[in-house]
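Contents: one structure, followed by commentary.
In this text, all values refer to a predicted model and were calculated from it rather than measured experimentally. Just so it is clear: chains get the letters A, B, ... in the order the sequence lines come, proteins before strands, and each one is counted from 1.
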Amino acid sequence: MTERLVDARLHLLGRQVLDTDGEPVRTVDDLELAGPGGGEVRAGQEAHVAAVLVGPVLATRLFGGRVPDSMLPRIAWEDVGHVGTAVELTVGSDRLDADWVEHWVRERLIGRIPGGRHDPEGDG
Amino acid sequence: MKKLLGVALGILTAIGGFVDIGDLVTNAVVGSRFGMSLAWVVVLGVVGIVLFASMSGRVAAVSGRATFEIIRERLGPRAAGANLLASFAINLLTLTAEVGGIALALHLASSVEPRLWIPVAALAVWLVLWRVKFQVMENVAGLLGLLLVGFAIALFQLGPDWGELLRQAVPPSPPGTEHPASYWYYAVALFGAAMTPYEVFFFSSGAVEERWTAKDLGTNRLNVLLGFPLGGLLSLAIAACAAVVLLPAGIEVSSLSQIVLPVAQAGGVLLLAVVILGIVAATFGAALETALSSGYTLAQYLGWSWGKFRRPARAARFHLTMIVALLVAVGILMTSVDPVAVTEMSVVFSAVALPLTYVPILVVANDPAYMGRHVNGRVANALGMVYLVIVVVAAVAAIPLMIATGAGS
Amino acid sequence: MNVGDLLDARVLGPDDAALGVVVDVRLALDVVEEPDDEPGEEEDREEAGRDAPLSAQARRDAVGSARVVGLLVGPRGAGSFHGYERTDVRSPWPIPQLVRRRHRGTFLVRWEEVAALEELPGDGAWRVRLAPGYTRLPPELR
């Protein structure tokens, strides 16, 4: 088992999150840390990444302040499969509730226009 | 044989796709006022876009990340957000110019007022983005765009004094009636017209979507290396036609009909019809690319699902963005603003926006963690550094020159 | 707590000396061996590689857990452009050189040598205090 060193801000924050089919989900906005056994992080004790936080943090990152944890969709670190130039998950995006806006736009708008679900690369 | 046809198709599409409304208008204006004394800028711009397009294609192919994803990652949310605002706004301006260009060309062909063609043009662009197999449309638009070679045919038929044209170009000798500030303003505008930012967003996103192999990268490099310079020659032909017909007569270019006047004069109605069809195709193709770029930039900044190959339902916000962009473009055009004036503004602002995309690409192309063994070689870096300086100088000089010359008047 | 809480937190030495701010958090990713990584199949993969998307060659590791191993402390917040002070990339000149000069003095401290994480009242900012006898390690990523 080898280890690879990465820096959170340099290599993970702001990176694209892709689902298991390679479809973009969101961007990594923050990483949730946890201590031993998933408890609180304490100085001097082991700490690890518990989840990837993707979410509407854009406004707070631009203007400061914090978004309450309850509003931040989280993806458990166990669902992360690969880390390369993007963070690739092992689950499909539909299973995540990270993207209710996309679902909403899909159902209410785009899905309602004729041809919205048609695969442009399907029939010639 | 089939492979050769494929290669030829790629190159021809690149030639036909090089000229958009920005190149058309700016080259004609420049030819009518400065003769061929700004030809060197076209050469500079062509080399720049070849360098820029290949670098961004290589970065996207190797890393699997498109340009605006890279901008977002590297600059952090605030700086990238500012970058997005500027890039998106300028892209929208260019889209407005292209849709306006389609309408103007259709107006030339029929006698139906441009305002009536604007919604039709935008709707047609949207339908293609929504339903049509993209590669088909790109090839059709690219090949029909080749009809712009009618300008070159017209130039030959006009029997110009080639020596005179050459003398204006080398060394650059602008007419004494023009102020140096205007000369340099139009140099920046011409540079921005050749090195359009949307080309880079479009290219890199395509490389990611199509999951380019090493072979694809080589093909793309060939298309760009051969296609763009030949497209540049078409630009020069447009400028030369204006230099030969409009400059001596002191005709100022303010509408599409003046731009095609040399063609009508040289080759009559038939050649004119061919060229108008070429203009419709070229601007339509550019409108497709620019609309897609507006979707790409926003979606990539925010991490949404995007792609012209995805079902619209799987990239819902991406498609919504393009629909809104087209609606805004139509809205702007329906205020009866002159599309030619919009075009002239869009090319100057494109020059201003160039460093925003160019610097991140140049930096990432040197990142071994991203590029592995495909990092920039010394030649690419040397050229890249030279163009970094040129691009920054052009961007910084653009607005002051615009103010000083009253946008070139 | 989140990584974002640690970033830009002020860092104090054991004697309350101001050492800088947290520029980044260094993690160690467990790289999992992929099941089909068998020696001897290298050649077949080379063949397939030529027709495979170039992006498949980009460095991409299957990861297990991600452990916090240290904090990068630097003179300025907001992180450095590209982290040039942690790599030895030299192009395109002069950008890496300027960034390195700006962030000179950045060092790495091991997670074990963090004595306390204090949440400040008011704006919820955090402060990091290092243990006595901490060592300043070079920031380079190996």
Of C:Leu6, C:Leu27, C:Val128, the largest count of non-hydrogen pairs under 4.5 angstrom with chain A goes to C:Leu27

Audit row: A:Leu13, C:Leu7, side-chain contact (heavy atoms from CB on, under 4.5 Å) steps and yes/no = CA-CA 11 Å; A:Leu13 294 191; C:Leu7 293 178; 3.6 Å; yes

One should read off an interatomic distance between A:Gln45 CD and C:Glu112 CD, to the nearest 0.5 angstrom, of 12.0 Å

Taking every heavy atom of C:Gly64 against every heavy atom of A:Trp77, the minimum-distance pair comes out as O-NE1, 2.8 Å

CZ (A:Arg4) with more than 12 external heavy atoms under 6.0 Å | yes

d(A:His48 NE2, C:Arg67 CZ) to nearest 0.5 Å is 11.5 Å

Next on the checklist: Does C:Arg101, at its CZ atom, have more than 12 non-hydrogen atoms belonging to other residues, nucleotides or ligands within less than 6.0 Å?
Outcome noted: no

Counting heavy-atom pairs under 4.5 angstrom with chain A, the leader among C:Ser55, C:Gly4, C:Ala62 is C:Ala62

d(A:Glu3 CD, C:Asp30 CG) to nearest 0.5 Å is 5.5 Å

Comparing A:Gly81, A:Gly35, A:Ala50, A:Ala34 against chain C, the one with the most heavy-atom pairs below 4.5 Å turns out to be A:Gly81

Go through it in stages, so that I can follow the logic: the residues are C:Asp8 and A:Arg9, the test is side-chain contact (heavy atoms from CB on, under 4.5 Å), and I'd like the CA-CA distance, side-chain angles, deciding distance and then a yes or no. CA-CA 11 Å; C:Asp8 296 332; A:Arg9 182 186 245 150; 3.2 Å; yes

Residue from A:Val49, A:Asp7, A:Leu33 scoring the most non-hydrogen pairs under 4.5 Å with chain C is A:Asp7

One pair to check against side-chain contact (heavy atoms from CB on, under 4.5 Å): A:Val80 and C:Val63. What are the steps and the verdict? CA-CA 7 Å; A:Val80 171; C:Val63 295; 4.0 Å; yes

CG of A:Leu5 to CG of C:Leu29, rounded to nearest 0.5 Å, is 8.0 Å

Looking only at C:Ala116, C:Ser65, C:Ala28, the option with the highest number of non-hydrogen pairs under 4.5 Å against chain A is C:Ala28

Is the closest side-chain heavy-atom distance between A:Glu40 and C:Met1 below 4.5 Å? no

Taking every heavy atom of C:Leu117 against every heavy atom of A:Val41, the minimum-distance pair comes out as CD1-CG1, 4.0 Å

Most contact-rich option vs chain C, by heavy-atom pairs under 4.5 angstrom, among A:Leu12, A:Thr90, A:Val83, is A:Val83

So CZ of C:Arg86 and CG of A:Leu10: to nearest 0.5 Å the spacing works out to 5.0 Å

The interface call for C:Val69 against chain A, heavy-atom contacts under 4.5 Å, is side chain

Worksheet entry | Close side-chain approach of A:Arg42 and C:Val114, heavy atoms under 4.5 Å | no

Smallest heavy-atom separation, A:Ala43 atom then C:Ala115 atom, equals CB-O, 3.3 Å

Tightest non-hydrogen contact, residues C:Asn2 and A:Glu32, listed as OD1-CA, 3.4 Å

